[in-house]
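All remarks here apply to the structure that follows.
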Amino acid sequence: MDPAGVFATSFAQDQALVRTRSQAVTLGLFVLFMFALPWIADARSVAVMTSMLITAVVVTGLQINTGLAGQINLGQAAFMGAGAYATALLATKGSMPLWIALPIGGVCAAAFGLVFGLAAVRIKGFYLALTTIAAQILFHFMVLNLPAAWMGGSNGITVEPARLFGWVLDTDAGVYYLCLVVACIMIAGAYGVARSRHGRIFAAVRDDDVASGMMGINVVRTKALAFLLGAFYAGIGGGLWAYYVRFVSIDQFTLIHSIWFIAMVIVGGMGSVTGALIGVFVIRFAQEFFTSVGPSLVENFSFLSGDLVFAALNIFLGGIIAGFLIFEPRGLMHRWNILKRSYRMWPYPY
């Protein structure tokens with residue numbers, strides 16, 4: 001086999017979710033557990049897992065954009081908000097069913113992200129980060145300053161329960177299964193992108209866009225496509241969020257949410273779809289821990305306040321990002337791969 005073929009095969013194996021029979025069995029058991037969760041867990045656990053599934057879709061798109069293609073994106077929450085508002089408007093004012101409103105909402109978010117993807121053609125690094133922050137500011141400006149009859153203004157938009165082929169998904173379990181099915185489809189698609197020709201092109205542009213252009217890769221199209229895909233995933237996640245909360249407001253999609261998404265990618269590991277999922281689990285678990293423990297601490301210690309607990313959560317966010325960038329810049333997925341290689345080679349040191 002020629003070297004290019006060897007690289008293609010190796011790259012595909014590195015990005016594969018299942019490589020052995022035992023991994024396939026483990027994945028099957030995990031999927032069965034996820035489908036059985038509403039029957040064996042309480043309502044709080046189902047709600048947290050639903051939120052995790054929605055976040056996983058958004059962060060997976062950010063992983064394609066930032067981890068695979070190397071395009072810094074600090075406006076993922078704005079793209080998520082664009083999809084949420086588009087889906088809410090289509091469902092309420094357009095009376096469109098779920099299976100139409102949700103994909104169109106993702107397309108609207110992708111179109112919004114493409115505008116800033118075209119800006120990424122000429123700039124990168126720090127300046128690209130500032131440009132994506134501008135997306136966050138522009139999104140808030142548009143929602144708050146357009147006529148309230150269009151976007152709801154500061155009052156937000158109330159969304160009716162999701163309807164799918166005559167079924168009304170107005171229960172926690174119904175919304176959970178909706179998010180689970182959509183998340184499985186989107187995550188499987190992300191693995192397909194990572195293993196495909198486009199995934200290899202993304203990696204090449206991420207490593208050196210100048211050399212990629214000299215090799216014949218269309219760098220302009222690649223960077224724009226990365227933003228397009230990342231924003232589409234964010235839009236789908238935003239649409240799921242709209243159906244889950246059944247209310248869309250501007251304060252649900254702020255810059256701090258985008259930073260949380262970046263933290264999940266950093267913690268899990270850049271360039272790995274599985275790493276993005278691990279990052280979502282770790283960060284959301286930490287958030288739930290602070291949310292659960294915070295009220296108890298305020299109640300038992302009079303010198304503490306709710307503002308102090310909220311500040312501790314933000315300090316934790318900054319600390320975990322700085323810590324991983326310094327001590328484990330390639331994320332938990334890289335450390336897991338090292339442990340697997342060490343286990344396979346034991347007791348030999350090399």
Side-chain angles (χ1 to χ4, degrees), residues 50-66 68-69 71 73-94 96-118 120 132 134-136 138-140 142-143 146 150-152 156-157 159 162 164 175 178-190 193 224-250 252-255 257-258 260-262 264-265 273 276 280:
T50 303
S51 176
M52 282 189 180
L53 291 172
I54 296 172
T55 306
V57 174
V58 178
V59 175
T60 299
L62 183 62
Q63 184 70 281
I64 295 175
N65 190 3
T66 301
L68 291 180
Q71 307 302 304
N73 182 4
L74 294 178
Q76 190 74 346
F79 304 144
M80 179 183 179
Y85 270 90
T87 303
L89 290 173
L90 291 171
T92 55
K93 298 184 177 181
M96 292 187 179
L98 165 69
W99 61 274
I100 295 179
L102 187 62
I104 294 180
V107 171
C108 293
F112 183 48
L114 181 61
V115 175
F116 297 91
L118 296 177
T132 55
Q136 196 77 49
L138 178 62
F139 170 70
H140 280 244
M142 291 173 59
V143 172
L146 287 174
W150 294 7
M151 306 286 286
I157 302 175
V159 183
L164 185 62
V175 177
L178 168 65
C179 295
L180 178 60
V181 171
V182 174
C184 289
I185 294 173
M186 300 301 291
I187 293 171
V193 170
L225 180 61
F227 269 91
L228 186 74
L229 285 175
F232 177 76
Y233 270 72
I236 295 296
L240 292 176
W241 178 262
Y243 283 119
Y244 169 53
V245 181
R246 293 171 56 182
F247 177 76
V248 178
S249 177
I250 191 64
Q252 298 171 351
F253 314 102
T254 62
L255 180 61
H257 292 94
S258 294
W260 276 112
F261 295 151
I262 285 287
M264 293 172 186
V265 173
V273 178
V280 169

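Counting from 1, the numbers follow the sequence of the chain as shown.
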Could you list all the side-chain hydrogen bond (donor to acceptor under 3.5 Å, both in side chains) pairs where at least one residue sits in residues 74-89, not counting sequence neighbours? N73-Q76
Distance check, rounded to the nearest 0.5 Å: [X] atom [atom1] versus [Y] atom [atom2]?
X: F116; Y: Q71; atom1: CZ; atom2: CD; result: 14.5 Å
X: N65; Y: T60; atom1: CG; atom2: OG1; result: 12.5 Å
X: L229; Y: L114; atom1: CG; atom2: CG; result: 10.5 Å
X: L138; Y: T132; atom1: CG; atom2: OG1; result: 12.5 Å
X: L255; Y: H140; atom1: CG; atom2: NE2; result: 8.5 Å

Using side-chain heavy atoms (C-beta onward) and a distance below 4.5 Å, is L89 in contact with I157? yes
Could you check whether any side-chain heavy atom of I250 comes within less than 4.5 Å of a side-chain heavy atom of F139, counting everything from C-beta outward? yes
Please enumerate all residues that pass side chain to side chain donor-acceptor pair (under 3.5 Å) together with [X], with sequence neighbours excluded.
X: T66; answer: none
X: S249; answer: D251
X: H257; answer: T254

Looking at every heavy atom in both [X] and [Y], which two are closest together, and how far apart are they?
X: A162; Y: L98; answer: CB-CD2, 4.4 Å
X: V248; Y: F253; answer: CG1-CE1, 3.9 Å
X: L74; Y: Q136; answer: O-OE1, 3.9 Å
X: A91; Y: A101; answer: N-CB, 4.4 Å
X: A224; Y: L118; answer: CB-CD2, 4.2 Å
X: C179; Y: T50; answer: SG-CG2, 3.7 Å

Might you work through the side-chain contact (heavy atoms from CB on, under 4.5 Å) test for F261 and T55, ending with a clear yes or no? CA-CA 8 Å; F261 295 151; T55 306; 3.9 Å; yes
If the condition is side-chain contact (heavy atoms from CB on, under 4.5 Å), which residues does I185 pass it with, not counting sequence neighbours? V181
Name the atoms and distances for all side-chain donor-acceptor pairs under 3.5 Å in residues 102-112, with sequence neighbours left out.
none

Side-chain atoms of residues 231-246: list all donor-acceptor pairs with protein atoms under 3.5 Å, sequence neighbours left out, distances to 0.1 Å.
| unit_1 | atom_1 | unit_2 | atom_2 | d |
| --- | --- | --- | --- | --- |
| Y233 | OH | M186 | O | 2.6 |
| Y233 | OH | A190 | N | 3.1 |
| W241 | NE1 | Q252 | OE1 | 3.0 |
| Y244 | OH | A47 | O | 3.3 |

